[in-house]
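Worksheet: the structure to be examined is printed underneath.
Just follow the structure's listing: the first ligand is 1, and inside any ligand the first atom is 1.
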Amino acid sequence: MRLVLVGPPGAGKGTQAARLADTYGIPAISTGDIFRANVKGETELGREAQGYMSRGALVPDEVTNAMVRDRLLHEDVAAGFLLDGYPRNPDQAVELDGMLADNGTALNAVVEITADSDEVTTRLLKRAEIEGRADDTEDVIRKRLAVYAESTAPVTAYYEGQGLLVRVDGIGEVDEVTDRLVDALRAR
Ligand code: B4P
């Protein structure tokens with residue numbers, strides 16, 4: 001099972017990625033989590049990514065693509081993987097196709113979790129109270145939503161053209177959304 005999860009910030013990608021990874025016994029690979037771990041560890045990659053993340057911009061493609069290319073060479077992805085938050089623009093999607101072709105594989109499905117701007121803003125502001133993430137402030141959330149609409153939304157059209165896209169409603173209880181995702185993937 002080789003999957004990609006896309007959706008606006010706050011749609012529930014990270015939340016659902018952990019559950020799907022469990023269900024299918026594959027690793028969930030979140031570019032956001034890898035960047036945050038590097039920021040916390042004060043690595044060179046972390047220092048490079050930090051400024052972009054804290055203002056809600058995408059980290060430059062050459063940095064992100066190299067990081068994912070390296071991650072997809074690890075042994076644990078042999079039986080499959082779930083990419084959460086990558087690709088985030090059409091150039092990254094083309095790059096991913098190339099990486100997979102080099103490894104002699106391809107994606108099985110791309111799942112888009114949908115949720116409207118009001119709902120995701122409410123969720124992220126709530127998370128800010130709990131986790132205090134630097135990019136969960138109202139201004140930065142607005143910027144992240146704008147980046148999503150401009151750069152990431154076209155990624156879904158790219159995969160729709162390849163016949164890989166599955167759309168799932170992300171509004172509702174977390175368990176309910178997980179059930180919808182598993183049903184939608186089973187139906188494919
Ligand atoms: P991410 O870490 O991917 O952050 P995100 O889009 O906000 O999603 P996240 O997974 O954290 O939140 P979720 O929707 O699960 O990216 C952060 C930054 O990293 C980017 O802005 C960018 O700078 C950089 N980056 C990452 N990938 C990149 C790439 N490919 N290229 C360039 N830059 C990249 O959950 C949000 C909240 O909603 C949680 O609190 C959760 O508890 C809650 N929630 C989830 N499901 C819910 C439900 N059904 N009901 C109610 N609440 C729910």
Side-chain angles (χ1 to χ4, degrees), residues 4-21 28-40 45-72 81-96 99 110-156 158-159 168-182:
V4 160
L5 213 52
V6 293
K13 297 186 300 294
T15 308
Q16 298 298 336
R19 289 160 162 249
L20 291 177
I29 301 170
S30 158
T31 41
D33 282 352
I34 301 174
F35 284 136
R36 277 186 291 279
N38 277 276
V39 169
K40 199 166 168 210
L45 174 63
R47 276 189 284 277
E48 203 166 350
Q50 189 166 24
Y52 296 99
M53 294 176 79
S54 61
R55 60 175 193 273
L58 295 183
V59 177
D61 284 354
E62 64 268 24
V63 176
T64 311
N65 289 335
M67 186 175 88
V68 174
R69 184 177 281 278
D70 176 71
R71 182 64 185 85
L72 291 181
F81 57 79
L82 170 60
L83 280 170
D84 158 17
Y86 179 93
R88 242 178 168 93
N89 62 33
D91 286 345
Q92 291 184 2
V94 171
E95 189 71 20
L96 176 62
M99 288 177 211
V110 174
V111 185
E112 179 189 8
I113 304 182
T114 61
D116 59 78
S117 299
D118 285 349
E119 170 73 16
V120 300
T121 304
T122 305
R123 288 182 188 179
L124 295 174
L125 289 174
K126 191 167 160 203
R127 180 170 71 185
E129 284 172 22
I130 302 162
E131 294 179 18
R133 238 171 78 169
D135 59 347
D136 280 344
T137 62
E138 208 157 348
D139 276 358
V140 179
I141 293 167
R142 205 172 300 120
K143 166 76 177 166
R144 286 159 66 198
L145 287 170
V147 169
Y148 183 80
E150 190 181 322
S151 302
T152 312
V155 169
T156 59
Y158 176 84
Y159 286 123
V168 171
D169 181 5
I171 307 287
E173 296 296 323
V174 172
D175 283 347
E176 224 177 288
V177 177
T178 307
D179 289 345
R180 275 181 217 146
L181 286 163
V182 172

### Query
Would you say Gly14 has any N or O atom under 3.5 Å from an N or O of ligand 1, going by distance alone?
yes
### Message
Under 3.5 Å between any N/O of Glu173 and any N/O of ligand 1: does that happen in this structure?
### Response
no
### Query
Between Arg133 and ligand 1, which residue portion shows a heavy-atom distance shorter than 4.0 Å: side chain, backbone, both, or neither?
side chain
### Side-chain heavy-atom pair Thr114, Ile171 within 4.5 angstrom cut-off
no
#### Entry: Polar atom proximity, Asp84 to ligand 1 (N or O, under 3.5 Å)
no
### Message
Test your reading of the structure: does Gly85 have an N or O sitting under 3.5 Å from an N or O of ligand 1?
### Response
yes
### Message
Please report whether ligand 1 has a polar contact with Tyr86, defined as an N or O pair separated by less than 3.5 Å (distance criterion only).
### Response
no
### Task
Could you list which atoms of ligand 1 come closer than 4.0 Å to a heavy atom of Ala57?
22 (C), 23 (O)
### Query
N/O of Leu124 under 3.5 Å from N/O of ligand 1, yes or no?
no
### Query
Under the salt bridge (charged side-chain N to carboxylate O under 4.0 Å, His left out) rule, what pairs show up with a residue in residues 140-152, not counting sequence neighbours?
Asp135-Arg144, Asp136-Arg144, Asp139-Arg142
### Query
Judging by distance only, is a nitrogen or oxygen of Val59 under 3.5 angstrom from one on ligand 1?
yes
### Query
Is the shortest N/O to N/O distance between Ala11 and ligand 1 below 3.5 Å?
yes
### Summary
A student comparing Glu176, Arg88, Met53 should find that the heavy atom closest to atom 16 (O) of ligand 1 comes from Arg88
#### Entry: Sequence neighbours excluded - side-chain hydrogen bond (donor to acceptor under 3.5 Å, both in side chains) pairs with any residue from residues 5-21
Gln16-Thr178, Arg19-Asp175, Arg19-Thr178
